[in-house]
Undergrad: 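First the structure, then my questions, so here it is.
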Amino acid sequence: MHGWPRYRPVRVRPSSEGWRSRVEPRSASPSLRDGRGMSEGVSTMASPVEEHVDLQSLPKDERLNRMRHSAAHVLAEAMVELMPEAELGIGPPIDTGFYYDFRLPRPLTQEDLGWLEERMRRSIAGKHPFVMSALTKADAEQRWAKQPFKLDLLKDLDEGNVTQCTHAAFTDLCRGGHVNNTGEIPAFKLMSIAGAYWRGSEKNPQLQRVYGALFETPEELAGYEQALEDAKRRDHRRIGRELDLFALYDEVGPGHVIWLPDGATVRRELQRWIEDLEVERGYQHVITPVVAKRELYVRSGHWEHYKDAMYPVMEREGEEYCLRPMNCPSHIMIFADGLHSYREMPIRIAELGNMHRWEKSGQVSGMSRVRIMTLNDAHIFCADIAQVEAEVEGVLRLMEEVYGVLGLRKYSYQLSLGDPGDKEKYVDNPPMWEAGESLLRRVLQRVGLEFEEAKGEAAFYGPKIDVQFETAAGKDETLVTVQVDFHLPNQFQLEFVGEDGERHQPIIVHRGVISTMERMVALLIEEYEGHFPLWLAPAQAVVIPIADRHVAYANAVAAELRAANLRVRVDDRNERMNGKIRDAQLKKVPYMLVVGDREAEAHAAAVRVRGGGDLGAMPVTDIVARLRGERDSKALVPGVFRER
RNA sequence: GCCCGGGUGGCGCAACUGGCAGCGCAUCCGAUUUGUAAUCGGACGGUUAGGGGUUCGAGUCCCCUCUCGGGCUCCA
């Protein structure tokens, strides 16, 4: 275990709501990150520090962190009893509880978890005080001689800054931040076992991580477990199957999404909409091939920086071809073909095309992480920095409009910066990075968007603005990015003729708005829990004839709606009306139009809104008007039409 | 890619220590003709992910592969 890279703290973004499993960011709270410990009674060499703490006077965050961190110690205490050979990693609080990493002689089982939890409860019942003490680095090294991970942590600690924490018979190298005694550890539950690399690097050994949930009251803990259940209900993989939106087949391959008719309808509506918005804003849509010569990607730099994430090269007749992982090079070819004047700029080239990326097997998931995806992409060729700023601003405003219409709530902006120290990952050109980064920061501020900055998260060729969102499961994913690119224009020696008659190099803005169709639809499924607003709903209404003799009239009603381009189905199965309503509800169809003798007589239908609510009989022409209004305004809530 | 846990009709699940692969829903057929969340009856449907091994006998035990899930890592 030599040559471990420096530990890089897990990057954290404040979560809008909900829970996420992550290391707590607050530096005010003592994290275990560089303290830790072991299990052999209190050292006589150590001198006590830290006094009694009044938990109730602390802010809730701080209080919880102490409880969670303390629970992690108790977990380690139990583990050392279960397996004395256990090597201890770290055990920090996270915002749903805590975890502790161990290297163990055998894999943990579910039964172990039960045993550990019982053992923890016994320790808690014992009300053992947590006692902090200081010791010298030399003493610590001696004491943790058999704990390689503790020694590794110790390397980063300065003399005079080494402390440990003891409760009962257990001692852990630790920076501090505990409750007074184990009795102050409230409601908790051991949740799961996972693998985790030491210090978060896959070059290091992999440890076994035990996750625990911990809240101040049993009610809050139960609430958390309930929220996990609810999240499962909203999972796009589940709803996608239930509503026949998309499918994934082993035979077709992981991450290769099959869009079923109803999912394809949602996608088509989104696609038409975004393309129209782009056309209104001066984008020109193109169509370029999904395969290009390898040489093209060598020149763009993708081959060097990205080939591991590309499908294997195809070779025929001595030529090498690649499935494109992105389409910037193709769009650049379009720009490079012919000489452009500054008068034409900016030139906005857009495409909804398939990209192919060899995502590693362990990270393909549903429709949100796939290998073949349709990207809402565009490249804006700008003449100068002022133009770049204006274009980035335009993109941000378009995003705000689009996400507003879709009703997205859990998204946030992030300014992703490069890392001058990392020459492998990033193109080496400090002034270029500096220019791009300050520009993006400026525009974000001007548009008035809140954002976070994240070092080391940029694209290989430049800084970017990422739009992050939170999945139902509470995980963070990137929706789209906006990038300022000085690199590719240089690689391809792009130029245009300026006002001065001289040749100049353009700057490219890469941008997405709707993300990939796969990821966006996955997000929308979860956001709406499958209840798409009318304009996106695969079936916008179901006509339900009460008895066989009403089927003809039901078809007539449906035809009237279809004449207004509404998507209508007629449920003419030999079922009872109640059964048909139930099925329509389960399929989350926005409107149910029940027709029987009375309605046929009055050229009407009894309207039922998805989710319950019988609106009574309405004339068919009124129904058509209502649904059109709701569709055309892209209303998020039935009957509440949005001003456009 | 790595760690752990799974894979049984279309979907959701069952089958004690190895001993005849079952149930619900869906589908299909028939009966019923219905007023706001499940009408009744019947039938069809599985080489237990794939391959190999142990055994008189494998859904069950062992090995390999594929694949899914939870994490970790990665993510233009």
Side-chain angles (χ1 to χ4, degrees), chain A residues 10 21 99 101 103-104 106-110 191-211 232 235 237-238 241-242 244 247-255 300-302 305-306 308-310 324-328 355 357-366 369 375 377 416 425-426 457-462 464 466 473 475-478 480-481 483 485 487-488 510 512 544-551 574-586 592-599 606-617:
Chain A
V10 179
S21 297
Y99 67 77
D101 290 344
R103 185 153 68 176
L104 304 171
R106 63 166 175 86
L108 284 170
T109 65
Q110 209 53 41
M191 302 298 282
S192 59
I193 307 157
Y197 297 107
W198 172 242
R199 292 197 180 215
S201 167
E202 61 184 338
K203 296 193 175 82
N204 290 342
Q206 192 163 49
L207 311 179
Q208 296 189 63
R209 174 172 296 178
V210 177
Y211 278 104
K232 277 187 204 151
D235 191 315
R237 292 169 294 194
R238 174 198 174 106
R241 188 165 46 237
E242 284 171 356
D244 296 313
L248 290 153
Y249 302 99
D250 289 0
E251 296 87 337
V252 180
S300 67
H302 289 107
H305 291 274
Y306 204 70
D308 288 347
M310 289 168 69
R324 68 172 171 202
M326 48 187 83
N327 54 21
C328 349
M355 305 304 145
R357 302 178 184 180
W358 193 265
E359 300 290 348
K360 288 192 240 167
S361 55
Q363 41 215 34
V364 174
S365 174
R369 192 79 184 265
L375 191 61
D377 200 12
S416 296
K425 189 170 173 185
Y426 300 114
E457 296 289 330
F460 75 79
Y461 49 77
K464 56 181 181 165
D466 288 324
K475 279 189 286 192
D476 209 44
E477 281 187 329
T478 300
V480 293
T481 66
Q483 296 156 17
D485 177 11
H487 174 69
L488 289 175
H510 305 239
I544 297 176
I546 289 176
D548 284 352
R549 65 177 182 280
H550 307 122
V551 169
N574 186 359
E575 271 296 329
R576 295 178 62 213
M577 180 199 66
N578 274 322
K580 295 177 184 180
I581 286 177
R582 179 183 150 83
D583 288 341
Q585 283 288 163
L586 292 176
M592 284 145 271
L593 308 176
V594 178
V595 295
D597 291 331
R598 299 198 295 266
E599 288 76 17
V607 178
R608 179 187 163 105
V609 185
R610 169 179 63 191
D614 183 356
L615 300 186

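Lettering of chains follows the sequences in order, A, B, ..., and the numbering in each one begins at 1. Note that the structure is predicted; figures quoted are calculated from it, not measured. Just so you know, these numbers use all the heavy atoms, side chains as well, and skip hydrogens, waters and symmetry mates.
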Undergrad: So, is A:Tyr99 near the phosphate of B:rG70, with a side-chain N or O under 4.0 Å from OP1 or OP2?
TA: no
Undergrad: Show the numbers, then the answer: is there a side-chain contact (heavy atoms from CB on, under 4.5 Å) between A:Gln585 and A:Arg608?
TA: CA-CA 10 Å; A:Gln585 283 288 163; A:Arg608 179 187 163 105; 3.0 Å; yes
Undergrad: Could a donor-acceptor pair under 3.5 angstrom be found where the side chain of A:Gln363 meets the base of B:rU73?
TA: yes
Undergrad: Within the structure shown, what part of the strands sits under 4.0 Å from A:Gln483 by heavy-atom distance: base, sugar-phosphate, or nothing?
TA: sugar-phosphate
Undergrad: Does a nitrogen or oxygen in the side chain of A:Arg237 sit under 4.0 Å from OP1 or OP2 of B:rG69?
TA: yes
Undergrad: In whole angstrom, give me the gap between the P atoms of B:rG6 and B:rC13.
TA: 15 Å
Undergrad: Just checking A:Glu599: base, sugar-phosphate only, or nothing, at a heavy-atom cut-off of under 4.0 Å?
TA: base
Undergrad: Using the closest heavy atom to pick a nucleotide of RNA chain B for each, name whichever of A:Thr478 or A:Leu108 lands nearer the 5' end.
TA: A:Leu108
Undergrad: Base, sugar-phosphate, or nothing: which does A:Gly596 touch, judged by heavy atoms less than 4.0 Å apart?
TA: base
Undergrad: Base, sugar-phosphate or nothing for A:Ala459? Non-hydrogen atoms, less than 4.0 Å.
TA: sugar-phosphate
Undergrad: For A:Asn578 and B:rG35, give me the distance from atom CG to atom C1', rounded to whole Å.
TA: 8 Å
Undergrad: Under 4.0 Å between any heavy atoms, over every strand shown, what does A:Asp548 touch: base, sugar-phosphate, or nothing? Just pick one.
TA: base
Undergrad: Just the rounded figure in Å: distance from C1' of B:rC74 to CD of A:Glu359.
TA: 8 Å
Undergrad: Give each stem of RNA chain B as a range with a range, requiring at least 3 consecutive Watson-Crick or G-U wobble pairs whose two distances are under 3.5 Å.
TA: B:1-7 with B:66-72, B:10-13 with B:22-25, B:27-31 with B:39-43, B:49-53 with B:61-65
Undergrad: Starting at atom CG of A:Leu248, determine the distance to atom P of B:rC68, rounded to an integer number of angstrom.
TA: 8 Å
Undergrad: Pick the nucleotide of RNA chain B nearest each of A:Lys360 and A:His550; which residue has the one closer to the 5' end?
TA: A:Lys360
Undergrad: Rounded to whole angstrom, note down the C1' distance from B:rU8 over to B:rU47.
TA: 12 Å
Undergrad: Minimum heavy-atom separation for A:Gln208 to A:Leu108, with atom names?
TA: OE1-N, 2.8 Å
Undergrad: How would you list, by chain and number, every residue that makes a side chain to side chain donor-acceptor pair (under 3.5 Å) with A:Asp377, sequence neighbours excluded?
TA: none
Undergrad: For a quick test of reading the model, state the closest non-hydrogen atom pair linking A:Glu599 to A:Ala617 and the distance between them.
TA: OE2-CB, 4.5 Å
Undergrad: Kindly say if A:Arg549 contacts the phosphate of B:rU34, meaning a side-chain N or O under 4.0 Å from OP1 or OP2.
TA: yes
Undergrad: Choosing from B:rG71, B:rU36, B:rG35, which nucleotide comes nearest the side chain of A:Asp597?
TA: B:rG35
Undergrad: Taking only N and O in the side chain of A:Lys580, is any of them less than 4.0 Å away from OP1 or OP2 of B:rA38?
TA: no
Undergrad: If you check the A:Pro107 side chain, which of B:rG69, B:rG35, B:rC4 turns out closest?
TA: B:rC4
Undergrad: Under 3.5 Å between N/O atoms: give me all the protein pairs with nucleotides 7-14 of chain B, atom names plus distance.
TA:
none

Undergrad: Taking all heavy atoms of A:Gly596 and all of A:Ile546, pick out the closest pair and write down the distance.
TA: CA-CD1, 3.8 Å
Undergrad: Between A:Arg209 and B:rG71, does any side-chain N or O lie under 4.0 Å from OP1 or OP2?
TA: no
Undergrad: Provide, to the nearest angstrom, the distance between the CG atom belonging to A:Asp235 and the C1' atom belonging to B:rG70.
TA: 12 Å
Undergrad: Within the modelled atom types, does a donor on one side and an acceptor on the other bring the side chain of A:Arg576 and the base of B:rA37 under 3.5 Å apart?
TA: no
Undergrad: Taking the side chain of A:Arg598 as its heavy atoms from C-beta onward, which of B:rG71, B:rA37, B:rG35 lies nearest to it?
TA: B:rG35
Undergrad: Does a side-chain heavy-atom distance below 4.5 Å link A:Ile544 with A:Met577?
TA: yes
Undergrad: Output all residues satisfying side chain to side chain donor-acceptor pair (under 3.5 Å) with A:Arg237, sequence neighbours left out; order by chain, then residue number.
TA: A:Asp235, A:Ser365
Undergrad: To the nearest 0.5 Å, how far apart are CZ in A:Arg610 and CE in A:Met592?
TA: 8.0 Å
Undergrad: Only counting residues at least two apart or in another chain, list the ones meeting ring-ring contact (aromatic ring centres under 6.0 Å, His included) with A:His487.
TA: none
Undergrad: What's the closest nucleotide to the side chain of A:Pro254 if the choices are B:rU67, B:rA37, B:rC74?
TA: B:rU67
Undergrad: Taking donor-acceptor contacts at under 3.5 Å, does the side chain of A:Tyr197 reach the base of B:rG1?
TA: yes
Undergrad: How many angstroms lie between atom CG of A:Leu207 and atom CH2 of A:Trp198, to the nearest 0.5 angstrom?
TA: 7.0 Å
Undergrad: Contact class for A:Val480 (heavy atom, under 4.0 Å): base, sugar-phosphate, or nothing?
TA: nothing
Undergrad: To the side chain of A:Ala606, which of B:rU39, B:rU36, B:rG70 is closest?
TA: B:rU36
Undergrad: Atom CD of A:Gln206 and atom P of B:rU73: how far apart are they, to the nearest Å?
TA: 10 Å
Undergrad: Under the side chain to side chain donor-acceptor pair (under 3.5 Å) rule, collect the residues that match up with A:Asp597, sequence neighbours excluded.
TA: A:Arg549, A:His550
Undergrad: With a 4.5 Å heavy-atom cut-off, do A:Pro545 and A:Lys580 have their side chains touching?
TA: yes
Undergrad: For the side chain of A:Leu586, starting at C-beta, report the closest nucleotide among B:rU34, B:rA37, B:rC72.
TA: B:rA37
Undergrad: Just call it for A:Ala584: base, sugar-phosphate, or nothing, with non-hydrogen atoms closer than 4.0 Å on any strand.
TA: nothing
Undergrad: For A:Ile193 and B:rC4, give me the distance from atom CD1 to atom P, rounded to whole Å.
TA: 11 Å
Undergrad: Would the base of B:rC75 count as contacting A:Arg369 through its side chain, where contact means a donor and an acceptor less than 3.5 Å apart?
TA: yes
